[in-house]
Amino acid sequence: MGTRKRYWMMKTEPETFSIDDLARVGTEPWNGVRNYQARNFMRDGMQLGDGVMIYHSNCKVPGIAGLATVASRAYPDPTQFDPQSDYFDPASSRENPRWQLVDVAFERKLRRLIPLEEVKRHADALGEGFPLTARGNRLSVFPVTAAQWKLLLSLE
DNA sequence: GCCAACGTTGGC
DNA sequence: GCCAACGTTGGC
């Protein structure tokens, strides 16, 4: 049966899909994740109702922009089958899909964006290896502990 | 725009 | 199974 709620961070490039876009559509299939570790977190770790922080990357002020919830179990990412999609993967098949996604439901924007620069000031408390503060980490979906979640939200 | 860090690919 | 080459991520 249900395990206790878990927490996650999911990155997005706001020029492609921002927290405002998520607010507008309400729920979004989180397509385009093409990293095995990130996929495995969605497929094996996420549960309905889990908390998600939405992080804006590759933009003028990168940082945590809002909150969302996991709104589905993992299922095959349809864009991998679509030759017209940027996320098309010719090596994947419907019989044996390679990439999975979950639906993500908007909860709220943070009262202000928490810049990465501020998050970094708490690198010690967040712990070694926390992907946002670890050097060179590009992982786009990763777990956040309850303590990290609380600390990050307290910066709002 | 630069470039360091990283993941993936493919030759061997 | 190694590892060099390559493509991508993403902060700055």
Side-chain angles (χ1 to χ4, degrees), chain A residues 6-25 28-46 50-68 70 74-104 106-145 147-156:
Chain A
R6 298 172 186 168
Y7 300 97
W8 307 94
M9 186 80 65
M10 299 179 90
K11 295 186 192 171
T12 181
E13 301 193 8
E15 273 187 35
T16 304
F17 190 83
S18 71
I19 190 69
D20 290 318
D21 293 322
L22 184 61
R24 196 161 34 72
V25 298
E28 175 75 2
W30 209 256
N31 57 39
V33 173
R34 296 292 180 268
N35 170 282
Y36 290 106
Q37 203 179 351
R39 177 203 66 186
N40 294 347
F41 284 134
M42 291 195 288
R43 186 189 63 191
D44 306 329
M46 288 191 177
D50 281 356
V52 177
M53 285 180 166
I54 302 295
Y55 177 88
H56 282 177
S57 67
N58 201 17
C59 54
K60 189 152 190 175
V61 183
I64 302 166
L67 302 182
V70 174
Y75 61 95
D77 179 344
T79 64
Q80 72 195 301
F81 309 124
D82 177 5
Q84 310 302 331
S85 171
D86 288 345
Y87 303 128
F88 178 59
D89 183 352
S92 187
S93 68
R94 291 186 185 276
E95 297 72 34
N96 190 18
R98 177 177 295 189
W99 304 111
Q100 306 261 121
L101 55 67
V102 297
D103 292 343
V104 173
F106 178 77
E107 186 174 323
R108 68 176 178 89
K109 288 180 73 170
L110 297 190
R111 290 196 292 278
R112 64 180 189 101
L113 181 127
I114 303 170
L116 176 61
E117 189 261 325
E118 282 187 43
V119 174
K120 282 180 166 175
R121 292 180 208 157
H122 302 271
D124 287 349
L126 289 164
E128 202 172 346
F130 185 65
L132 283 191
T133 49
R135 179 186 48 79
N137 204 300
R138 309 183 309 182
L139 192 59
S140 64
V141 176
F142 56 88
V144 175
T145 67
Q148 288 164 342
W149 179 276
K150 187 176 172 186
L151 169 58
L152 292 169
L153 261 192
S154 78
L155 305 180
E156 182 183 13

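Note on naming: letters A, B, ... go to the chains in the order of the sequence lines (proteins, then strands), and numbering restarts at 1 for each one.
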> So which one's nearest nucleotide on DNA chain B is more toward 5', A:Arg98 or A:Gly136?
Replying inline: A:Gly136
> Just checking, any donor-acceptor pair under 3.5 angstrom between side chains of A:Ser18 and A:Asp20?
Replying inline: no
>> Test of understanding: with side-chain hydrogen bond (donor to acceptor under 3.5 Å, both in side chains), list the residues that count as partners of A:Glu13, not counting sequence neighbours.
In response: A:Asn58
>> Side chains of A:Pro76 and A:Trp99, heavy atoms from C-beta outward: is any pair under 4.5 Å?
In response: no
Set out, line by line, the N/O atom pairs under 3.5 Å between protein and nucleotides 4-9 of chain C.
residue	atom	partner	partner atom	Å
C:dT8	O2	A:Arg138	NH1	2.5

>> Looking only at the side chains, is there a donor atom on one of A:Asn96 and A:Ser93 sitting less than 3.5 Å from an acceptor on the other?
In response: no
>> List the residues meeting side-chain hydrogen bond (donor to acceptor under 3.5 Å, both in side chains) with A:Ser85, not counting sequence neighbours, and say none if there are none.
In response: none
> For A:Arg138, which residues count as a side-chain hydrogen bond (donor to acceptor under 3.5 Å, both in side chains) partner, sequence neighbours excluded?
Replying inline: none
> Heavy atoms under 4.0 Å, any strand shown: does A:Lys60 hit a base, just sugar-phosphate, or nothing?
Replying inline: nothing
>> I need the full list of side-chain hydrogen bond (donor to acceptor under 3.5 Å, both in side chains) pairs touching residues 110-130 of chain A, with sequence neighbours left out, sorted by first then second residue.
In response: A:Arg112-A:Glu118, A:Glu117-A:Arg121
Show each protein N/O and nucleotides 10-12 of chain B N/O combination with a separation under 3.5 Å, one pair to a line.
none

>> Quick one about A:Asp50 and A:Trp8 (side-chain donor to acceptor, distance below 3.5 Å, no hydrogens or angles considered), yes or no?
In response: yes
